[in-house]
2 protein chains.
Amino acid sequence: MSPRPDRSSEAGQTAPVSQPDANLVKGIHQAVATRLNDDGVRYTNGRRALVEILARARQPLTVEELRALSAAPQSSIYRILAVLEDAELVHRFTNTNSEFARFELAEGLTGHHHHLACANCGTMTDVTLPADVEDHLDRAVTLLAAQQRFVVDEHRLDIIGTCATCADLR
Amino acid sequence: MSPRPDRSSEAGQTAPVSQPDANLVKGIHQAVATRLNDDGVRYTNGRRALVEILARARQPLTVEELRALSAAPQSSIYRILAVLEDAELVHRFTNTNSEFARFELAEGLTGHHHHLACANCGTMTDVTLPADVEDHLDRAVTLLAAQQRFVVDEHRLDIIGTCATCADLR
DNA sequence: ATGAGTGCAAAGGCTTTGCATTAGG
DNA sequence: CCTAATGCAAAGCCTTTGCACTCAT
């Protein structure tokens with residue numbers, strides 16, 4: 001009668017921090033700096049370091065994963081994430097599997113995308129739908145919502161299944 | 001620097017338990033009974049009562065909302081939900097807003113649908129996309145995933161915005 | 001009778017917060 | 001200098017669990 005998936009074993013493959021992509025990352029830092037500055041909030045080393053990690057990741061990360069990559073204590077990580085979330089620079093959510101929270105840079109910084117979520121190892125990777133599909137979907141969603149006088153702000157699509165790595169391990 | 005939305009005030013409008021729809025509900029009980037029986041699990045009064053509430057709701061409910069509608073103690077609610085989740089009769093997830101968990105009957109019982117999630121009051125309501133849009137999306141998703149050797153199991157689409165009630169209150 | 005199910009209260013585990021210290025402008 | 005930011009440890013809060021009791025078969 002397993003109540004909830006075991007959290008400790010759920011990390012799956014280690015969190016990837018891929019190749020530099022220096023220009024893109026630099027641009028993100030710039031945007032974050034500007035935004036925080038406008039908000040009268042300091043862009044300190046600790047905050048810059050976390051943004052760097054999030055910018056290089058190709059996927060939303062958990063606090064545990066961030067901790068493994070960041071040297072900052074948990075409380076600081078949570079606090080920095082809260083600051084960035086308030087500034088709408090970071091998006092926080094929890095996977096369908098209802099494990100712990102995951103964090104990613106806001107779409108304003110990374111562009112609109114969706115997630116491939118592996119039901120086995122829990123990892124998520126970013127994906128982008130073809131523009132025409134996205135348009136089609138967007139129009140349908142707006143129309144549908146309007147019927148209920150619901151004003152659409154955004155949509156989030158998660159694709160759940162089994163990732164290649166987990167499939168290979170079987 | 002609001003870290004997380006305040007949980008206590010988030011209930012929003014009270015959880016709706018709409019008109020009977022007796023036949024549909026009866027069918028759901030039937031399906032649940034069969035499934036649990038196959039699993040060698042008893043369909044007790046407490047469990048039946050919870051399923052009844054979920055079946056009548058037009059939306060995923062939190063434990064707090066279930067509690068308000070159910071008379072059973074929290075621990076039993078959580079335990080019953082865990083049993084139903086294990087039997088794949090209930091789906092558990094947490095809203096983008098990262099509040100507490102929400103529960104709904106599995107799509108096997110209710111049919112495939114998506115959610116209109118109000119960013120203000122936190123309530124969610126079920127919606128269905130036109131079949132052609134759903135098809136278009138489904139094909140694109142499968143294709144996209146295949147490129148990464150990701151095997152799609154299902155997809156979940158949440159539409160975030162402001163519900164009519166909250167819009168009126170402004 | 002006998003094991004599954006239920007209730008209560010206590011424990012767990014991710015997340016938040018108070019307070020003293022450090023660092024940024 | 002002076003306020004914002006950080007670190008540590010303690011507290012919070014949703015959720016889970018141990019144990020005794022009850023109910024269904």
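Each chain gets a letter, A, B and so on, in the order its sequence line appears, and its residues count up from 1. For clarity, every value in this text was computed on a predicted model and none was experimentally measured.
Using cut-offs of 30° and 60° on the angle between ring planes, the pair Y43(A) and H29(A) is tilted. Between F93(B) and H91(B), the two ring planes are parallel [angle under 30°; tilted spans 30° to 60°]. Relative orientation of the H112(B) and H114(B) rings is perpendicular, given thresholds of 30° and 60° on the angle between their planes.
If you measure from atom CZ of R67(B) to atom P of dC14(D), you get 11 Å, rounded to the nearest angstrom. With rounding to whole Å, L84(B) atom CG is found 15 Å from dA4(C) atom C1'. When the P atom of dC14(D) is taken as reference, atom CZ of R92(B) falls 14 Å away, rounded to whole Å. Taking atom CG of L36(B) as the reference point, atom P of dA4(C) lies 15 Å away to the nearest angstrom. To the nearest angstrom, C1' of dA5(D) lies 13 Å from CG of L50(A). Counting to the nearest Å, the P atom of dT15(D) and the CD atom of E65(B) are 12 Å from each other. Straight-line distance from the CD atom of Q74(B) to the C1' atom of dC14(D): 8 Å, rounded to whole Å. In this entry the distance linking CD1 of I80(B) with C1' of dG7(C) reads 11 Å, nearest Å.
Dashed line: the shortest gap from a side-chain N or O of T44(A) to OP1 or OP2 of dG24(C) is not under 4.0 Å. The side chain of S75(B) places no N or O atom within less than 4.0 Å of a non-bridging phosphate oxygen (OP1 or OP2) of dT15(D). Look at N45(B) and you won't find any side-chain N or O under 4.0 angstrom from OP1 or OP2 of dC23(D). Proximity of Y78(A) to the phosphate of dT15(C): a side-chain N or O atom is located under 4.0 Å from OP1 or OP2.
Closest to the side chain of A72(B), out of dG7(C), dT6(D), dT16(C), is dG7(C). Here the side chain of R79(A) is nearest to one of dG7(D), dC8(C), dC14(D), namely dG7(D). Side-chain proximity of R42(B) to dG7(C), dG5(C), dC8(D): nearest is dG5(C).
The pair R139(A)-D135(A) fails the salt-bridge criterion, with no side-chain N (NZ, NE, NH1 or NH2) lying under 4.0 Å from an Asp/Glu carboxylate O.
Remark: L157(B) CG to R156(A) CZ distance equals 11.0 Å, nearest 0.5 Å.
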